[in-house]
Amino acid sequence: MRADHPETTKASSSTDGGPPPGDGDLPARGAVLREYGPAALEWAASYLERVSELPVLAPVAPGEIAAKLPAHPPEQPESFDAVLRDVDALLLPGTTHWQHPRNFAYFPSTSCEPAILAEMLAATLNSIPILWRTGPAATELEVVVLGWVAELLGLPAGWRGQIEDGASTSTLVALMAARHKTGRDVVVSSEQAHSSVDKAARMLGMTLRKVPTDSGFAMRPDRIGDLSDVAVVVATVGTTASTAVDPVAEIAPRCEADGTWLHVDAAYAGSAMVCPEFRWAFDGVQRADSVLVNAHKWMLTPVDCSMLWASRPEDLRAAFSLIPEYLRTPDHEDALSLSEYDPALGRRFRSLKLWATLRCVGRTGLQAYIRRCVRLAGEFERWVAEEPGWELCAPRHFALVCFRREGDDQLNRDLLQSVNASGEMFVSHAVLDGRYTLRLVVGSMYTTEADVRRAWELLRREAG
Ligand code: PLP
C-alpha cells in the first residue's frame, strides 16, 4: 500500500520542527540550513561509517520503492526532518551502494568528503553560467581546474578542458565537432569500445565501423582500413570489458595522414595517469584532438563529472556556437561562454567539487588511492591465478580483474547471481572471446585487503 504524507506534519514553524517563519510568506534565509544542516551532515557521516554493513546491491524488486511513495505531491509544506526520515525508511532500502567497499561491479565510484561538501556549496550558489557574466567564477574555475588535471595526467599544456555530465556526452560532443570539421559521416572504433560510441553515432546519424581487436582486446591498427572518408577514430584507453588499451601512438599518425579526428575515451583509466608508472597507456594521446576522463569514475569526485579536453577548442565552438539575441552581451563579446562548446546552455557548477577534491586530496593522495586500488586488484589476481579450477581471462592493466570458474557459462552466471544475492559484494560481468567472464574492479576509497579477501572467500564458497 502506498504511504501517505504524515498528517501531523503541518505548515512549519520553529516550534513544531519546521523552519521558522520568515518575512511574511518568505522563508527566513539560512533557517533550514541552520536547523537541519547538522542533522543532514550527521546523516551523511554516519552513512559512510555504516555503509559496509548494508547489502551492497539493493535487495528490492522493480516497483517496490515506488509503491511505498505517496502517489500525490504534498499539499502542505513538511519539515526537512520528514525528508531525512524517509531517506532512511524509504530510499535507503532501495539503494545500491556505490560507496560500499565491496562494490566491485562496473567501474565503482567513490566520492570523497570534501567533494560532498562542495556539492552542497555548489547547490547553494546555484551559479548557472549560460554565458560568462552569469557565472564568471564557475566558467573560469572549470577551465583552470581542468588545466590542473591536464597537468596531473600529463596532457599537453594549452589544451582546454570543459566538464560534461558523462562520458557519453563527452563523446557525443567530440563526434559532433569531428563531423563538423571534416564534413564526413563515418566513425571508427574497436569492437570493444563502449556502447556510448554506438549511441552517439546513432544520435548524429553517423555510420559506425568496428575494428577487430587482438588477443589482449586492443584495437588492431593493421585492421583500421582506409580513413580517407572517416570523420573520427575513437580509441579507448581502458575498455569497459577488460581495460584494454588501444595503441594510440600507432593510430594517431594514421588519423593525421587522412585529416581524421582522433578522440580518446579514457573514461576509467585516464585517472591512473596521475601515477607516472601508468603513463605508458597515454603514449600518443598527446596527438589526439580530444580526450575524455571521468573524474566520477576514479578521481574521488561524485557523479557527474566527465572531463573533456580539446587540443583546438575552436573546433568545438565552430560546431556548437549558437547565441540568440537575448544572450548577447556586447560588453563581454570576447569572454568565454562554455555554452558555445557543447549541447547544454545552463550547466552545473561541477568544477567546485573537483576543485575541492584536488585541493584536499592533492596529487600525492590521488596517487596513493590509485596505487592502493591497483595493488589490491593485483592481490586478487594472484589468488585466482594460484587456485586450481579458476582462470584469468584478460591481461590486467589497472584495478580490474577478469576471471572465471573453469566450466561453462551457466556455471559462471549462477556464481555471479549467488555472490551478488548474498548482499556481501557486487561484481558484474562481460563477454570476452565469446565467454561469460566475471569482472572485479577495486575502486572504492574504503576498500581494504580484508574486503577483497572476503570477496574471494565468498566466491570460492559459492563456487564450491
Ligand atoms: N566509456 C567507457 C570506457 C566506459 O567504461 C563508460 C562507462 O562505464 C562510458 C564511456 C560511459 O560513461 P558515462 O556513464 O559517464 O556516460
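Atoms within a ligand are numbered from 1 in the order they appear, just like the ligands themselves.
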Which ligand 1 atoms, with their elements, are less than 4.0 angstrom from a heavy-atom of Gly238?
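Atoms satisfying the 4.0 Å criterion: 3 (C).
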
Could you list which atoms of ligand 1 come closer than 4.0 Å to a heavy atom of His296?
15 (O)

The salt bridge (charged side-chain N to carboxylate O under 4.0 Å, His left out) partners of Asp165 (sequence neighbours excluded) come to none

Should the proximity of [X] to ligand 1, defined as any heavy atom under 4.0 Å, be assigned to the side chain, the backbone, both, or neither?
| X | value |
| --- | --- |
| Ala167 | both |
| Asn294 | side chain |
| Phe107 | side chain |

My understanding is that only residues two or more places apart in sequence, or in another chain, count here; which of them pass side chain to side chain contact (heavy atoms under 4.5 Å, CB included) with His194?
Ser196, Thr240, Asp265

Can you confirm, on distance only, whether ligand 1 has an N/O atom lying under 3.5 Å from any N/O atom belonging to [X]?
| X | answer |
| --- | --- |
| Ser196 | no |
| Lys297 | yes |
| Thr239 | no |

So does Glu386 have more than 12 non-hydrogen atoms from other groups sitting under 6.0 Å from CD?
yes

Taking atom CD of Glu151 as the centre, does the number of heavy atoms from other residues, nucleotides or ligands within less than 6.0 Å exceed 12?
no

Could you check [atom] against the protein and tell me its nearest heavy-atom contact, residue, atom and distance included?
| atom | answer |
| --- | --- |
| atom 1 (N) of ligand 1 | Asp265 OD2, 2.6 Å |
| atom 16 (O) of ligand 1 | Ser168 OG, 2.6 Å |
| atom 5 (O) of ligand 1 | Thr240 OG1, 2.8 Å |
| atom 11 (C) of ligand 1 | His194 CE1, 3.4 Å |

Tell me, please: is Ser306 in heavy-atom contact with ligand 1, that is, under 4.0 Å?
no

So, for Tyr341 and Phe320, is the gap between ring centers shorter than 6.0 Å?
no

Strictly below 4.0 Å, N to O, side chains only: are Arg382 and Glu379 in salt-bridge contact?
yes

Audit row: Lys353, Cys305, side-chain contact (heavy atoms from CB on, under 4.5 Å) steps and yes/no:
CA-CA 9 Å; Lys353 61 190 171 187; Cys305 194; 4.1 Å; yes

Heavy-atom closest pair, residues Arg439 and Ala241:
NE-O, 3.3 Å

Validate the cation-pi geometry between Arg312 and Trp261: distance from NZ or CZ to the six-membered ring centre under 6.0 Å, angle to the ring axis within 45°.
yes

